[in-house]
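Labels below follow one simple rule: chain letters A, B, ... track the order of the sequence lines, proteins then strands, and each chain is numbered from 1. Just so it is clear, the values below take in all heavy atoms, side chains as well, and ignore hydrogens, waters and symmetry mates. Not measured: the values here are computed from a predicted model.
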Amino acid sequence: MHQRTRRALAALAVVPVLAGVAACSSSGDAPESSGSGDEEVTISIMGKPAATNTAAVELFERQVAAFEEANPNITIEASDVPWDAKTFTTRLAGGSAPTLLRVPLTEPPALIERGQVADIADVAAELESFDDLNPRVMQFLEDDGAVYGIPEKSYAFGLVYNRDLFEQAGLDPDSPPETWEEVREYAKQISDATGKTGFGEITTNNSGGWHLTGYGYTFGGRVIEQNSDGTWAAAFNDDASRDVMELWKAMRWEDDSLGDNVLGKQEDLVAEFTAGNVGMWVSAPPDVYPNYIAAGGDPAAFGAGPMPQGGADATLAGATVLMVSGTATEAEKRAAVKWIEWRALRPNYDLEVAAETAKASAADGLPVGVPVAPIFSQEAYDAYRDAIAEYVNVPVENFAPYVASLEAFEYVPEPAVASQEIYAALDPVVQAVLTDPDADIDALLDDAEARVNQILAQYAS
Amino acid sequence: MTLSPERLSGTAPGRAAQTADRPRTVRRGGARRRAAGAALVFLAPTLLIFGYFAWWPIAQSAVLAFQQTNLVDPAEWVGWRNFEVLFADPLLPRAALNTLWFTALSLAIGLPVPLLCAVLMSELRRGGTLARILAYLPVVIPPVVSVLLWKVFFSPGETGVVNSLLAAIGLGPLPWLQSPELAMPSLVIVATWSGAGTAILIYLAALTGVSTELYEAAELDGASVWQRILHITLPQMRGVILVLLLLQIIGAIQVFTEPYVMTDGGPANATVTVLLMIYRYAFLFGNYGVATALSLLLAIVLVIVSAIYLRLTRSWSTR
């Protein structure tokens, strides 16, 4: 073939492969240090509600306008694009990463490890309410005196269930299952009686590993442990994980109560659950509820129960966290923390603001009063609940079993290092049990242990 | 296999060069140099743009394969460590084998299907335009949309679209994407469906170049439709088939959208491909160095595959 053709084809082969990764190949500039006076500053922030949720957007825009009026030197550029590792890294490479990141609690360990978020300890310490933040949540965000984020809301794993399907299956919707054996019984009863999926499970985009971790905690298991020399090792190749996987295997292949579509992520399950096709599943009920309502779910059919237990009385804890980009200047950092105080903290401890915000939200038709694991002390949370009581429009009693469990369980954090990589390594294990009736659980755990140890070899503390 | 229009249009200069007569070299030093200088002036903007947007990132990413960066602090040189991490990853052989399996399947399905469709469509006496529109329609649908559509089609229960069709002939239901064995062939079906239209159009265009006298002569000799296809059509289209085959190999090795959207590499790693690994290293684990190292390796493999292929087929295509 002609020489030129060959070159053209070689170029064709190379360009698409390299171009994608090259987009993030330039290193950003080190953050500039600048004064902390009242200079003009513009910050880009995440956390604007989705455009489809017009009521929430209106409330948000009113809050931005009020904030800018109170802080005339600060301009807010808000984005409704949710957290996405892909866009974040690309924008970081391009120098346009948002100043304020709003991320799930799975992200901070990796962001802190990679130095991509700023230490805001000095600015946060000036906040009136900082010392009242719940230490159960802050333990994930503080490290040797450094503070890397402030929680917007927190949660713990619990059981989300459909009260209507419970009734149709002859179960009491006010008494959700508390142990895994009960979950198995209830799931079979639901799928036998209604033909729907008794218990929904998610297995892709790292959600399989995330659930295996969370379920393992309820049997007393842990995913990784730190050796005395600071190195990390896989700790999940034990009875706790085996119990979880045996349970999955039995429910999938003996009881046929997990449904036949087991290759999906959380968003898929929320859609199925909202449509009334799933009896129960594990997630963070306060996080699921707004999406469930926005998608047209029936408030009365939503139930939230305690995280089912295998004997350890423990649950995986999570939160939505606000962090400041590592590339932010001092002035941007200060402005971002001021905004965090304004939007996320004040409505929780300033009772007047809490009532005003609740009133506005209720008027806009947004859910008010979803019970959560408090980000402040229990006393502060109780006062907050009293202040918003008259505007609550969520069937709080449907959350009662979940709320009652929050004080009873130990909160166990996600793996301290390489959480996403570990979850990615565990996804195939969960998928294997749910898609292959002959899956060898011991061999799967052995393989995954070797894989995770290989990942952890890169992380010494 | 997926053939994007960009990739296909890239073959145009090559094919033109292949068929055009070579100009004879004439010794006219000064005039030639002046002409070359003028050409360079006209070419300069294009070369600069191409160099900046295409080759500079490539060079940068080759450098990044030997660095570690968090995109905040300056990058740090780590030598061969990214490659060591990569080769210690037990998923790499699995991903490489899966990618080869996908490529083999897409050649087995994706090469003959469009060719057969094009040849049959060219034999149609009526409805040819409608057939072309129908064949090209899937290419117009955005890839993610068509992939999500197929995800619904492949729903594993008895009510799934594909399973309902199978039930009509007494088969199934099959677990499709939920089965480690069936997941990869399912992805190949989707990729073929969404990419075949472009290949069909190119084959049809090539078919118009086949001399009608050959067919007339064959018909006079009493050749059947299949004999005409076998002895005239296919040999005449050899050049196009070979180029499309190479593009298909290159495209299939870089498969990403289907496993990313439909299976996320599952179930149990059955559809993890090399590109999916690159994506995970870069965007999920934030390890850009290892991701670029793997990209670089993949690019080298593709260049070698192309070179070997072109050397092997040179004698056929220029015959």
>> Can you tell me which portion of B:Asn70 sits under 4.5 Å from chain A's heavy atoms? Options are side chain, backbone, both or neither.
In response: both
> So which of A:Thr204, A:Thr203, A:Val433, A:Val430 has the largest heavy-atom pair count under 4.5 angstrom toward chain B?
Replying inline: A:Thr204
> What is the ring orientation for B:Phe66 with B:Trp80, classed by angle as parallel under 30°, tilted 30 to 60°, or perpendicular over 60°?
Replying inline: perpendicular
> Tell me, side chain or backbone of A:Asp427 under 4.5 Å from chain B's heavy atoms, or both, or neither?
Replying inline: side chain
> Which one of B:Asn82, B:Asp89, B:Asn287 satisfies the side chain to side chain donor-acceptor pair (under 3.5 Å) criterion with B:Tyr281?
Replying inline: B:Asp89
> Which atoms of B:Pro156 come close to chain A, meaning under 4.5 Å heavy atom to heavy atom: side chain ones, backbone ones, both, or neither?
Replying inline: both
> With respect to B:Thr273, which candidate in B:Thr103, B:Leu187, B:Ile278, B:Thr99 satisfies the side-chain contact (heavy atoms from CB on, under 4.5 Å) definition?
Replying inline: B:Thr99
>> Can you tell me which portion of B:Val85 sits under 4.5 Å from chain A's heavy atoms? Options are side chain, backbone, both or neither.
In response: both
> If we ignore angles and hydrogens, is there a donor and acceptor under 3.5 Å between the side chains of B:Tyr288 and B:Gln68?
Replying inline: no
>> Looking at A:Arg252 and A:Asp260, is there a salt bridge between them, counting it only when a charged N and a carboxylate O are closer than 4.0 Å?
In response: no
> With only heavy atoms counted, which part of A:Gln454 is less than 4.5 Å from chain B, the side chain, the backbone, both or neither?
Replying inline: side chain
